[in-house]
Protein chains: 2
Amino acid sequence: MAEPTPGYELPLQLFAAFRAIIDAAHADLARHGHAGVKPLHGFVFQAIGARGTTAVELGARLGVSKQAAGKTIANLEKQGYVERAADPDDARRKLVRLTAKGLDVLAVSARSFDAVQARWAEAIGPERLAALHADLRTLAPGDHFRLDAPGWFGTDR
Amino acid sequence: MAEPTPGYELPLQLFAAFRAIIDAAHADLARHGHAGVKPLHGFVFQAIGARGTTAVELGARLGVSKQAAGKTIANLEKQGYVERAADPDDARRKLVRLTAKGLDVLAVSARSFDAVQARWAEAIGPERLAALHADLRTLAPGDHFRLDAPGWFGTDR
DNA sequence: CATGGTAGACAACCTGGTTTACTATATGGG
DNA sequence: CCCATATAGTAAACCAGGTTGTCTACCATG
């Protein structure tokens with residue numbers, strides 16, 4: 001038989017597909033005036049969510065230290081994507097929330113993702129896309145939401 | 001109908017699946033005495049390949065500067081995964097080749113990838129897995145081999 | 001043989017991560 | 001009621017890996 005696809009192809013394909021979506025989304029974002037937002041930030045925005053969060057919580061969700069989360073927040077704050085407010089119930093905490101600009105990023109991304117999905121449904125057919133969804137769900141433990149990608153790839157240590 | 005899967009799920013699933021494979025491979029690698037190898041390095045090893053390469057070429061394949069490639073090579077050399085030799089045909093070039101240890105990483109990874117694929121074939125059936133392969137190939141331009149992941153995720157700029 | 005291009009190395013700098021350490025505020029048991 | 005302990009946030013020092021710019025050695029071509 002023709003050689004079975006060598007094993008290393010699958011991860012590359014998965015990554016390429018992932019990357020294709022992300023790149024599409026960020027092209028859209030750039031077109032909508034959010035050129036400064038990078039893939040990494042997409043994870044951050046999702047982790048902050050519409051309801052807001054705190055530095056410690058964000059760090060936990062992202063799988064980085066609270067200090068790193070703090071730096072990222074400061075960065076995004078400077079760019080006007082998030083804002084910090086004191087928590088009336090706990091003077092230690094500072095609530096981090098997306099600004100209108102930040103929410104717009106979320107909205108644009110969502111539309112972009114949907115668009116990609118629609119294109120894909122057209123390309124391979126809705127059934128195949130549904131199967132892909134289902135299979136991925138089966139294969140990847142899909143722990144709720146693993147958004148702790150950032151450092152993971154990293155170097156040593 | 002039930003809500004259509006929100007668009008942001010697909011990239012997360014793809015990433016989760018990718019990550020599951022990579023993590024499995026690196027767990028295997030650690031078990032085989034290659035604990036120092038990180039996901040990023042997997043890309044590098046693939047890019048070097050069994051035939052060897054040079055810093056410039058490696059940089060091009062990885063999508064990073066030749067200097068960055070040089071640093072990575074130096075790092076891997078220190079760990080004993082690659083070795084540098086003068087090119088007899090061109091005194092400027094230095095051939096970078098995987099050592100036996102480096103080749104072992106490639107071999108272990110390959111086995112690991114195949115094992116994952118076999119498990120997945122069992123989980124969703126060979127036809128579904130083949131379909132997944134085929135669909136991903138359709139959806140992600142699959143430019144030959146895009147191994148330029150490293151910096152891409154990065155930060156601002 | 002002189003000129004222009006290429007391979008590699010080095011240095012300075014940037015970003016984002018980590019650890020360590022500190023301050024301010026909660027909280028809960030004696 | 002008060003102190004001990006834990007938690008939120010911040011800052012500093014350091015590290016890894018990326019970038020650009022510069023330099024040297026070597027090739028190749030006119």
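Residues passing the ring-ring contact (aromatic ring centres under 6.0 Å, His included) test with Y81(A) are H34(A), F45(A), sequence neighbours excluded. For R119(B), the salt bridge (Lys or Arg N to Asp or Glu O under 4.0 Å) test picks out no residue, with sequence neighbours left out. Residues satisfying the salt bridge (Lys or Arg N to Asp or Glu O under 4.0 Å) criterion with D104(A), sequence neighbours excluded, are absent altogether. When the salt bridge (Lys or Arg N to Asp or Glu O under 4.0 Å) test is applied to D90(B), the partners found at least two apart in sequence or on another chain are R92(B). Taking the salt bridge (Lys or Arg N to Asp or Glu O under 4.0 Å) definition, one finds that R111(A) meets it with nothing, sequence neighbours left out.
Q67(B) has its CD atom 15 Å from the C1' atom of dC14(C), to the nearest Å. Summarising the geometry, the separation between NZ on K38(A) and P on dT15(C) is reported as 13 Å, rounded to the nearest angstrom. Between the NZ atom of K66(A) and the C1' atom of dT19(C) there is a distance of 12 Å, given to the nearest Å. Taking atom NZ of residue K78(A) and atom P of nucleotide dC14(C), one finds them 13 Å apart after rounding to whole Å. One can place CG of L58(A) at 12 Å from P of dT10(D), the figure rounded to the nearest angstrom. What separates CG of L62(B) from C1' of dT19(D) is a distance of 15 Å, to the nearest Å. Atom pair L76(A):CG and dT15(C):P shows a separation of 14 Å (rounding to whole Å applied). Per the geometry, NE2 belonging to H41(A) stands 13 Å off C1' belonging to dG17(C), to the nearest Å.
Residues E57(B) and K66(B) are not paired through a salt bridge, judged by the lack of any N-O separation under 4.0 Å between the basic side chain and the carboxylate.
For V56(A), whose side chain is taken as the heavy atoms from C-beta onward, the closest listed nucleotide among dG17(C), dT19(D), dA8(D) is dA8(D). Comparing dG8(C), dC10(C), dA13(D) by their nearest atom to the side chain of K71(A) picks out dA13(D). Comparing dG9(D), dA11(C), dA11(D) against the side chain of T54(A) picks out dG9(D) as the nearest.
With a 6.0 Å radius and a threshold of 12 heavy atoms from other residues, nucleotides or ligands, R97(B) has its CZ atom at or below the threshold.
Remark: R84(B), R92(B), R93(B), K94(B) in residues 82-96 of chain B come within less than 4.0 Å of DNA chain C through at least one heavy atom.
Side-chain nitrogen and oxygen atoms of T72(B) include at least one within less than 4.0 Å of the OP1 or OP2 phosphate oxygen of dG18(D). For dT19(C), the OP1/OP2 oxygens have no side-chain nitrogen or oxygen of S65(A) closer than 4.0 Å.
For the pair A68(A) and E57(B), both in contact range of DNA chain C, the more 5′-proximal nearest nucleotide belongs to E57(B).
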